[in-house]
Amino acid sequence: MAEVLVFVDQVDGVVRKPSLELLAVARRLGEPVALVVGAGAGGAAGVLGGHGAVRVLVSEAAEFAELLVVPKVDALVAAVGVVSPVAVLLPSSGENREVAARLGVRLGSGVLVDAVDVVAGEGGPVVVQSVFAAGFSVRSRVSRGVPVVTVKPNAAAVEEVAAAGAVEELAVVFGGGPAARVVSREARAVSGRPELAEAAVVVSGGRGVGGAEGFGVVEALADALGGAVGASRAAVDAGWYPHASQVGQTGKSVSPQLYVANGISGAIQHRAGMQTSKTIVAVNKDAEAPIFDLVDFGVVGDLFKVLPQLTEEINHRKN
Ligand code: FAD
């Protein structure tokens with residue numbers, strides 16, 4: 001059966017959820033082969049085998065910690081040489097889009113980024129992208145070389161499937177071009193909530209929360225649902241919530257199973273970052289707010305009355 005190369009994001013051997021989702025996507029196209037690099041990469045092999053990887057190519061070379069982007073391209077070029085895959089899949093991120101672009105140049109292959117779905121098709125994988133502020137879906141196929149595709153988080157559900165997961169040390173020839181060197185690292189303060197771009201549930205607040213302290217009801221609902229907290233640009237510009245939490249055209253793009261917009265009007269620039277969410281719920285006191293045009297469920301009401309009741313009910317049902 002044809003093999004599909006999946007580039008895995010991991011930290012100290014812990015595999016990020018979008019990489020596990022990619023193994024499920026890869027299984028639709030052929031047999032997944034995982035490529036995992038960097039410190040602790042070998043520790044990820046068991047999990048990858050448990051999610052459908054028939055082979056796990058590993059390189060723990062120091063170059064991956066010291067340099068950005070280029071060593072990963074070097075590793076992918078080596079892996080493509082070993083596997084001859086029908087497609088290369090990477091989790092979408094700023095760095096991985098650059099890795100994909102450089103890989104495409106090296107292989108002479110077409111590249112498609114930010115896929116929301118990938119399905120098998122005649123003549124190669126069909127890639128679905130959501131464009132123009134998520135107003136249109138585009139289906140494309142790479143017509144030259146090995147398709148290189150970055151896939152957004154939550155494009156598929158994680159599937160636990162036992163596979164061989166045979167570990168192979170990958171020989172990588174480094175030096176594929178100039179690279180950015182890492183000069184220092186600083187751990188980000190942890191909130192205990194899932195990463196915004198990867199979360200299955202996102203609860204967001206906008207200008208309607210009225211201030212930084214107003215985010216308390218938004219955070220409480222997010223915690224009851226095990227979700228991440230997002231914010232509109234109006235809330236971020238007002239200094240109520242960090243920029244890293246901004247959802248939209250100039251913020252993060254999210255595609256969770258559930259998106260709850262609270263006190264957010266639904267401007268096109270906000271929609272651009274959340275419109276591909278599977279189920280959208282809005283709480284807004286203005287029945288004419290544009291956000292209600294795209295919701296699956298809408299509540300016309302004051303978020304300070306609705307959210308605490310919703311949180312209480314969810315917590316009650318969990319206990
Ligand atoms: P508003 O539009 O002011 O809406 C607040 C809503 O809260 C209203 O609908 C109101 O009815 C409701 N409300 C008020 N009080 C309550 C209450 N107690 N209970 C319930 N509802 C209440 N925006 C983004 O979000 N993300 C982006 O990435 C982004 N990028 C942009 C890029 C450009 C180039 C430009 C020009 C704009 C961008 N914007 C972005 C800004 C965008 O146009 C809007 O201004 C912004 O999204 C509005 O935020 P909001 O919905 O929170 O605020």
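Being a predicted model, the structure only gives us computed values, none of them experimental. Counting starts at 1 for both ligands and their atoms, following the listed order.
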Numbering as shown, the atoms of ligand 1 that approach [X] to under 4.0 Å (heavy-atom distance):
{"X": "G251", "value": "28 (O)"}
{"X": "D302", "value": "17 (C), 18 (N), 19 (N)"}
{"X": "G248", "value": "26 (N), 27 (C), 28 (O)"}

| query | Under a heavy-atom criterion of less than 4.0 Å, does G301 contact ligand 1? | reply | yes
| query | Could you give the distance from CG (L258) to CD1 (I280), rounded to the nearest 0.5 Å? | reply | 9.5 Å
| said: Distance check, rounded to the nearest 0.5 Å: L35 atom CG versus L57 atom CG? | reply: 6.0 Å
| P85 side chain near V146 side chain, heavy-atom distance below 4.5 Å | yes
| message | With a 4.5 Å cut-off on side-chain heavy atoms, are K278 and S255 touching? | response | yes
| message | Nearest non-hydrogen contact with atom 41 (C) of ligand 1 belongs to which option: R233, K305, K252? | response | R233
In the protein, which heavy atom is nearest to [atom], and how far is it?
{"atom": "atom 52 (O) of ligand 1", "result": "S232 OG, 2.6 Å"}
{"atom": "atom 30 (N) of ligand 1", "result": "T250 OG1, 2.6 Å"}
{"atom": "atom 22 (C) of ligand 1", "result": "K285 CG, 3.7 Å"}
{"atom": "atom 13 (N) of ligand 1", "result": "G208 CA, 3.6 Å"}
{"atom": "atom 35 (C) of ligand 1", "result": "Q269 NE2, 3.7 Å"}
{"atom": "atom 3 (O) of ligand 1", "result": "R207 NE, 2.6 Å"}
{"atom": "atom 27 (C) of ligand 1", "result": "Q246 NE2, 3.2 Å"}
{"atom": "atom 10 (C) of ligand 1", "result": "N284 OD1, 3.5 Å"}

| Side chain or backbone of I268 under 4.0 Å from ligand 1, or both, or neither, by non-hydrogen atoms? | neither
For [X] and ligand 1, does the shortest N/O to N/O distance drop below 3.5 Å?
{"X": "F304", "answer": "no"}
{"X": "G263", "answer": "yes"}
{"X": "L303", "answer": "yes"}

| request: Specify whether the nearest protein heavy atom to atom 45 (O) of ligand 1 is under 4.0 angstrom away. | output: no
| Looking at residues at least two apart in the chain, or sitting in another chain, which of them share a ring-ring contact (aromatic ring centres under 6.0 Å, His included) with F292? | none
| Qualifying residue for salt bridge (Lys or Arg N to Asp or Glu O under 4.0 Å) with K72, from E98, E95, E63 | E95
| field | side-chain hydrogen bond (donor to acceptor under 3.5 Å, both in side chains) partners of T150, counting only residues at least two apart | value | S92
| Sidechain-backbone polar pair: E60 side chain, G42 backbone, donor-acceptor under 3.5 Å | yes
| said: Testing the 3.5 Å rule here: is there a donor-acceptor pair between the side chains of S204 and Y259? | reply: yes
| task | Check whether the side chains of N96 and D9 place a donor and an acceptor atom closer than 3.5 Å, and report yes or no. | result | yes
